[in-house]
Amino acid sequence: MSDLKMKEAALIYLDRSGGLQKFIDHCKYYNDSKQSYAVYRFNILINPSDVVELDAELGNHILHHPLKAAQVFQSVCFIAVKTLSLIGQLQTETQINIVLKLTHLPPLPSYSLNFCEFPLDYTSQRFYMIQGIVIAMTTVTKYTQGARFLCSDEACPLSKGFQYIRVHVPGATESATIRNDFVCNLCSSSLQEDRKFRVLGDKQIVEIITAKALHAFQGYSNNQPFRFQSLTIFLRDELVNKMNIGDEYKIIGIPTCVKTLQTSVCIEANSITFCNPKVPSGISDNFRCLLSLTSSSCWKFTAILANIFASHIIPPGTYNFLKLCLLMSLVQTRDCNKELEDCLDILIITSDTLLVDRLLNYSVNLVPRGIRHPVSTEIFPTLSRNNYGTGAVSIQAGSALLAKGGICFIGDLASYKKDKLEQLQSVMESRSITVYIPGKKFGDDVDQQTTFPIQCSFWSFVDMDSSSRKNIQKTNTLIGQMDCSLIPANLVEAFGLLINCNESSPCHSFLPTVQHTLKKAIDPEGLLYLASKQFTTEDFEKLLAFAKNLNVEFSLEAERMIHGYYLASRRIRTDSICGSKLSASALKYLVSLSEAHARLNLRTKVLKEDVVIAALLFETSLTLKYGNFKNY
């Protein structure tokens with residue numbers, strides 16, 4: 001009686017939700033094909049809240065016993081097919097493969113799977129919701145969705161028909177669906193597969209990590225060790241190619257235990273949803289007060305921000321030019337559901353690598369996708385064999401894809417080999433990376449290639465005092481031009497901003513830095529300046545998160561000024577032999593700098609004052625690259 005009641009509730013739900021009509025339309029497609037199938041697959045969309053209101057027992061089965069719930073809907077659908085004569089070729093109930101697709105799960109802790117905790121529950125075979133960032137994915141391969149078996153004894157009644165149907169269930173391996181040791185229930189003879197009725201589907205394997213695990217890529221340290229482990233997600237059929245490397249998703253699925261080279265917990269995905277980050281509602285009271293006090297000028301607020309920024313790392317007033325550029329690059333980051341088109345790449349020439357490294361490391365931690373590239377890994381995607389015996393190639397993300405919408409801090413450029421620098425230059429110019437998959441190496445007949453957009457800003461520095469640099473001195477340096485002979489000229493050009501930071505520069509005061517270092521050695525956690533107490537790291541995080549989500553537009557005066565500067569600068573830096581020194585991306589960087597300064601001022605309109613700052617920063621960078629325009 002209980003089963004009968006649940007079947008009745010299932011039919012009522014299908015009728016009320018419109019699922020019954022969709023099922024009938026799908027049956028019409030199968031019937032019109034005039035082809036005999038071993039398995040007829042149907043997706044049924046389930047809203048658990050509506051089902052629980054209709055029938056609590058059926059709702060409980062869907063949430064906690066999904067395989068049994070699928071059997072209830074399978075029986076209802078088979079009766080509907082036979083009663084309404086929907087598919088003439090259908091013979092048995094086992095030929096119907098029902099996949100319940102859940103819209104959501106109850107927002108309760110017991111339905112969330114936290115893979116930072118141990119042990120993971122993979123024995124209950126019920127739905128959980130997990131959230132993570134994609135760090136690797138395989139190419140698409142085939143799996144057996146369903147198959148027909150016949151008794152090998154021709155005299156047996158079960159040597160014909162569709163009595164023995166095997167279909168894939170969540171967590172099952174290929175060998176669970178296709179094997180040669182099945183026997184007939186009637187005569188105990190061996191079963192043989194009728195291969196012409198095998199139904200294949202698409203399969204893809206994805207690895208995700210929790211967002212907290214990004215701390216391992218941020219140079220994050222709170223003096224407490226931690227570990228993280230990726231979780232494997234199986235995507236099948238309509239879910240294939242629905243996830244992108246670097247994006248964050250919520251996944252509803254059933255945990256299973258898979259035994260390969262080592263036992264691991266995997267998730268059979270049922271549905272996936274892109275995660276939209278929360279947009280902050282405002283800024284701290286201290287910053288709001290500062291903005292009000294500096295409202296008479298378009299430059300005061302950002303100037304003060306640059307002065308007090310990172311006072312935990314360096315004393316206020318030190319490296320203000322660099323800190324302003326870092327803040328402007330940070331507000332040009334984007335959430336992962338928006339394309340990052342106006343990135344600001346920064347290359348720093350310095351003799352004070354320790355201080356600059358600390359400053360950059362502190363800064364990348366202020367945005368969710370700030371990644372410090374570990375030297376032991378790759379910046380861009382790489383290939384490897386997956387561990388699940390599917391024959392598919394696994395594409396590992398690399399730091400640049402993990403930093404999607406954020407910052408990728410790659411450290412000292414001089415530490416990279418020539419081929420890596422050439423690859424970096426190519427990526428920065430095209431803003432994409434193409435991964436070639438050789439077929440012969442990975443057991444395929446044809447070669448493949450996949451292109452990934454690179455949506456992050458790159459930060460790096462070059463040590464002026466490196467031993468290799470001292471042996472290579474450029475003798476024909478122009479007035480104002482930095483000697484960047486250690487790095488290929490085309491790569492230097494690829495960076496939008498070139499910044500000079502060294503102990504002899506006017507922006508660096510030596511004595512305050514010494515005092516700051518000594519005080520920090522005595523009291524590492526101490527707040528040495530009033531600015532550190534009034535404007536905390538959390539305040540800056542909130543400010544940047546709010547500013548980067550502002551939608552800005554150019555005023556007419558700003559547009560005229562930025563085009564006028566671009567044309568004048570291009571004309572001045574053009575000679576009859578080499579042509580223009582100004583790259584094609586110069587205008588894009590000027591626009592990005594102007595937008596960044598407006599956002600940092602928490603304005604939605606770009607004014608001519610923003611363009612003035614953009615031109616000042618860009619002109620300084622051009623002078624370091626090519627020398628003063630008087631050289632022309």
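We count residues from 1, following the sequence as given.
Among all heavy-atom pairs drawn from R603 and C298, the shortest one is NH2-O, 4.0 Å. Across S594 and V606, no two heavy atoms sit closer than the pair CB-CG1, 3.8 Å. Shortest non-hydrogen contact noted between S295 and S292 is OG-O, 2.9 Å. Listed here is the closest heavy atom pair of S460 and F495: CB-CZ, 4.1 Å. In terms of heavy atoms, L402 sits closest to V134 at CD2-O, 4.3 Å. Between L617 and M328, the closest heavy-atom pair is CD1-SD, 3.5 Å.
Salt-bridge formation is detected for the pair D285/R288: a Lys NZ or Arg NE/NH1/NH2 atom is positioned less than 4.0 Å from an Asp or Glu carboxylate oxygen. Taking the charged nitrogens against the carboxylate oxygens, K242 and D247 have no contact shorter than 4.0 Å, which rules out a salt bridge. Remark: D610 does not engage K605 in a salt bridge, criterion side-chain N to carboxylate O under 4.0 Å.
Under 3.5 Å, the side chains of Q455 and R431 contain no donor-acceptor pair of N or O atoms. For T451 and T434, the side-chain atoms include at least one donor-acceptor pair closer than 3.5 Å. Between the side chains of Q396 and S384, at least one donor-acceptor pair of N or O atoms lies under 3.5 Å. For S532 and H312, the side-chain atoms include no donor-acceptor pair closer than 3.5 Å.
Considering F309, F546, F535 as possible partners of F287, the one that fulfils the ring-ring contact (aromatic ring centres under 6.0 Å, His included) test is F535. When each of I499, L624, L413, L497 is checked for a side chain to side chain contact (heavy atoms under 4.5 Å, CB included) with L347, only L413 meets the rule.
Put simply, the side chain of I233 reaches to within 4.5 Å of the side chain of I251, judged on heavy atoms. Contact annotation: the side chain of I208 never approaches that of I135 to less than 4.5 Å [non-hydrogen atoms, C-beta and beyond].
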